[in-house]
Amino acid sequence: MTAAAGGTGRHRAPAPAVVREGVLLLDADLLLRYANDEARRLLDLPADCEGRPLDALGLPPDLTALLHGPGELTDARAAVHGRLLHLDLHPTDRSGGLPGRIATLRDSAPLTGPDTARLRLELLYRAGASIGTTLDITRTCEELAAALVPAFADFACVDLYEGVLAGGEPRPGQRRPLRRAALVGVTELPPLLAPGSPVPMVPGTPRARAVAELRSVVEPDLTAALAAWDEFHPGTVDAMRARGVHTLVTVPLAVGGTLLGVATFWRARPRPVFDEEDRTLAEELTARAAVLVENARRYTREHTMAVALQHSLLPAGLPEQDALEVASRYLPAQAGVGGDWFDVIPLSGARVALVVGDVVGHGVHAVATMGRLRTAVHTFSSLDLAPDELLGHLDALVNRLDQEHPAPDGSERPITGATCLYAVYDPVTRRCTMARAGHLPPAVAYPDGRVEIVDLPAGPPLGVTGLPYESAELELPEGSRVVLYTDGLLESRSHDLDHGLKLLRAALARPGRDPRQTCEDLLAALLPANPADDTALLVARTRALPADHVADWDVPADPAAVARIRAAVTRRLADWGLAEQAFAVELVLSELITNAIRHAAPPIRVRLLRDRSLICEVRDGSATSPHLRYATDTDEGGRGLFLVAQLAERWGTRYPASGKVIWAELPTEE
């Protein structure tokens, strides 16, 4: 909608215009599927036009070229049969609909005075429908400014308090700075402060009066206001004078008496000054926009809190360990937070666990559930459970969580949907054991460039059926990259899961990339610009513990063998340059071997690993777990494990397929 001015000397008001809107619906092949009566009249379409290709409708070349264009159009213009038509063009598949495009055509024709009210109502309707399409504060402000330019004003700007832009709580009465949130004009570079600029509140100006009195202000002559602003932004004021900006209406953005900011609309010559009817129109639209800005502010606040909670529950950093070189990425969805998480957990025997999980849904509930599951995985991993056993315990936990909150009114209880993949890598054997609960399978990129999607039994999602889980074991060459991810990486509106897996393979088929580079490759190849789901990604490149860092001995079930093992351990520590640690290691191994000989069953085997710490392991054929006792002064025994606990940084027991392993980690002090 445009306004025209004519005459010389004295300025006269532009003739108001009425909008007659035609609608065209085109499919993906540019076949006309629908045309309303107004579109048929404006374009002089034949009666059987529907179903014909766009190029067969006999439209002017300029209009046909606009309808062929790949992007969106707003207020484009084309001459058709002696009329100047305004064209808007938008896709139809923004929310998952069928691909195509919808075009609206408007014919501006002069009206007489009695039709002015109709014009304002139409402007109010069209502008109101275009504001608040998202819950983004800045976007809502931009939509308010764009809705009234050029139909109502030549320039429009929206200024908000900084706290509002961040989703903060408004504080009426406090002198807080305004910041420009949106600026729209009829020229490419409007003569006003750019978005993001601080906006001074100059006493006595129309904007300052509007804020102080919490009411709209119409200023027909900006001479005095421009003189006041000149002290703060002389360059901007000079540009406004050069463009002929001479009148404004400014309206507070307020909800329930709480001030959020100010919207200001400006006109340049030869357009007329704003009047009281213009004030009413600006107030109506700004009031609607204020409610939408407040909704967006509340959403931003809740979203910020949920994101902060989520990041507090995700790992703050990756733990130090030598078995894997690891890089990770977490990317939240464009709207809402989800329950995706990852973890890297050092285990006994220089092993490392990799975890990726996904809680169904979004919001604070999904984030809180994710935090509980991540804590549970840490707890279960401290017991050194096999991956399938750990998922079994996690499944039972999710079932208990569901039963804690029965559904109201006797309706069916909601189920906490979650998936998880748990993998344990051993740098001594270079074997990786994995199990998954309804999660996507991991990928492995081998050093020679091969990429494999691991054929791992899927297992049911957590908390669904209580069925058992199965593990699979891979032997990985040193330098292999293990990739764990959630479905947000592969699935999007533009492609399905199978296509996502193809893109994943292609992105991984680049040997020599480290984990950080691999993460960047995967995100660039797979992640859309505005992801609908959050994404957790974990890439680990395997390392092997050198063979000369491992020593093991078979131990006969004879107490006399303890001395021989101690002597062998002392010699190996001397070879490693760790002779100073020999005394503590001898004490620990003497106690563990003696306990195995006395209380356990053969075979007994001792293993010594040189990693970030010295790891002493004694394996026997018994499944009986040792128990730490605190002996009294009169007890003759019971101090052995207490001594081990004092000398070691960590110690514990794990249970392989048969027997048990008692381990202790001692500092190397290198």
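Summarising the geometry of P46 relative to R40, their closest heavy-atom pair is O-NH1, 3.6 Å, with the distance given to 0.1 Å. Shortest non-hydrogen contact noted between T140 and T134 is OG1-O, 3.7 Å. A pairwise comparison of heavy atoms in G500 and L526 identifies O-CD2, 3.4 Å as the closest pair. Residues L178 and G261 approach most closely at CD2-CA, 4.2 Å, considering heavy atoms. When every heavy atom of A263 is checked against every heavy atom of L144, the shortest pair comes out as CB-CD2, 4.1 Å. Across every non-hydrogen atom of L292 and I131, the tightest pair is CD1-O, 3.4 Å.
Side-chain atoms of H246 come within 3.5 Å of backbone N or O of R271 as a donor-acceptor pair. Not a single donor-acceptor pair under 3.5 Å links the side chain of S197 to the backbone N or O of L193. Formation of a donor-acceptor pair under 3.5 Å by the D275 side chain with backbone atoms of E277 is found in this model. With hydrogens and angles ignored, the 3.5 Å screen pairs a side-chain donor or acceptor of D154 with a backbone N or O of A268. Here the side chain of T280 pairs a donor or acceptor atom with the backbone of E276 at under 3.5 angstrom. At distances below 3.5 Å, at least one donor-acceptor pair connects side-chain atoms of T486 with backbone N or O atoms of A536. In this structure, the side chain of R179 engages the main chain of G196 through a donor-acceptor pair within 3.5 Å. Counting only distance, with no hydrogens or angles, the side chain of E143 and the backbone of G132 share a donor-acceptor pair below 3.5 Å. A donor-acceptor pair under 3.5 Å is absent between the side-chain atoms of R33 and the main chain of E50, judged by distance alone.
Salt-bridge formation is detected for the pair R288/E284: a Lys NZ or Arg NE/NH1/NH2 atom is positioned less than 4.0 Å from an Asp or Glu carboxylate oxygen. The existence of a salt bridge linking R298 and E302 is excluded, since no basic side-chain nitrogen approaches an acidic carboxylate oxygen closer than 4.0 Å. Salt bridge annotation for R101-D88: absent, with no cationic side-chain nitrogen under 4.0 angstrom from a carboxylate oxygen. One finds no salt bridge joining R41 and D37 here, because no Lys/Arg side-chain nitrogen approaches an Asp/Glu carboxylate oxygen to under 4.0 Å.
Interatomic distance, L281 CG to L148 CG, rounded to the nearest 0.5 Å: 6.5 Å. Distance check: R301 CZ to I137 CD1 gives 10.5 Å after rounding to the nearest 0.5 Å. Interatomic distance, H499 NE2 to L490 CG, rounded to the nearest 0.5 Å: 11.0 Å. To the nearest 0.5 angstrom, Y485 atom OH is 13.5 Å from C519 atom SG. Atoms CG and CG, on L260 and L160 in that order, are 7.0 Å from each other to the nearest 0.5 Å. Within the model, atoms CG of L522 and CG of L504 stand 6.0 Å from one another, a figure rounded to the nearest 0.5 Å.
Every residue two or more places apart in sequence or in another chain that forms a salt bridge (charged side-chain N to carboxylate O under 4.0 Å, His left out) with D159 is listed here: R180, R207.
Looking at V184 and P190, their side chains never come closer than 4.5 Å, going by heavy atoms from C-beta outward. E520 has its side chain out of reach of Q517: every pair of non-hydrogen atoms, C-beta onward, lies at least 4.5 Å apart. With a 4.5 Å cut-off on side-chain heavy atoms, V245 and R269 do not count as touching. Between V158 and L253, the closest side-chain pair of non-hydrogen atoms falls below 4.5 Å. Contact of the V262 side chain with the V251 side chain is not registered, since no non-hydrogen atoms from C-beta on lie closer than 4.5 Å. Between P200 and H233, some side-chain heavy-atom pair lies under the 4.5 Å cut-off. No side-chain heavy atom of D487 sits under 4.5 Å from any side-chain heavy atom of L497. Taking 4.5 Å as the limit, some side-chain heavy atom of E72 sits within range of a side-chain heavy atom of P91.
Partner of L331 under the side-chain contact (heavy atoms from CB on, under 4.5 Å) criterion, out of D534, L537, L527: L527 alone.
Screening residues 241-262 for salt bridge (Lys or Arg N to Asp or Glu O under 4.0 Å) gives D238-R241 as the qualifying pairs, with residues at least two apart or on separate chains.
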| request: With side chain to side chain donor-acceptor pair (under 3.5 Å) as the test, would you mind laying out the steps for T247 and E219 before giving the verdict? | output: CA-CA 6 Å; T247 183; E219 183 58 65; over 6 Å; no
| Would T104 and L89 count as a side-chain contact (heavy atoms from CB on, under 4.5 Å) if you check the C-alpha gap in whole Å, the side-chain angles of each, and the deciding distance to 0.1 Å? | CA-CA 7 Å; T104 56; L89 185 64; over 6 Å; no
| task | Apply side chain to side chain donor-acceptor pair (under 3.5 Å) to the pair S216 and E283, showing each step before the final yes or no. | result | CA-CA 7 Å; S216 60; E283 286 177 345; 2.3 Å; yes
| request: Kindly indicate, with the supporting measurements, whether the criterion salt bridge (charged side-chain N to carboxylate O under 4.0 Å, His left out) is fulfilled by D62 and R77. | output: CA-CA 9 Å; D62 291 347; R77 305 184 184 190; over 6 Å; no
| field | CA sep, side-chain torsions, deciding dist, call: T250, V218, side-chain contact (heavy atoms from CB on, under 4.5 Å) | value | CA-CA 7 Å; T250 182; V218 174; over 6 Å; no
| request: Go through L24 and L105 one step at a time and tell me if the side-chain contact (heavy atoms from CB on, under 4.5 Å) criterion holds. | output: CA-CA 8 Å; L24 300 176; L105 301 155; 4.0 Å; yes
| Y330 and D340: side chain to side chain donor-acceptor pair (under 3.5 Å), yes or no, with the steps? | CA-CA 8 Å; Y330 172 79; D340 291 16; over 6 Å; no
| field | Test side-chain contact (heavy atoms from CB on, under 4.5 Å) applied to D55 and T64, step by step | value | CA-CA 7 Å; D55 295 335; T64 301; 3.4 Å; yes
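Judged by the 6.0 Å distance and 45° axis criteria, R267 is not positioned over the aromatic ring of F155.
Aromatic ring pairs are classed by plane angle as parallel below 30°, tilted from 30° to 60° and perpendicular above 60°; the pair F152 and F265 is perpendicular.
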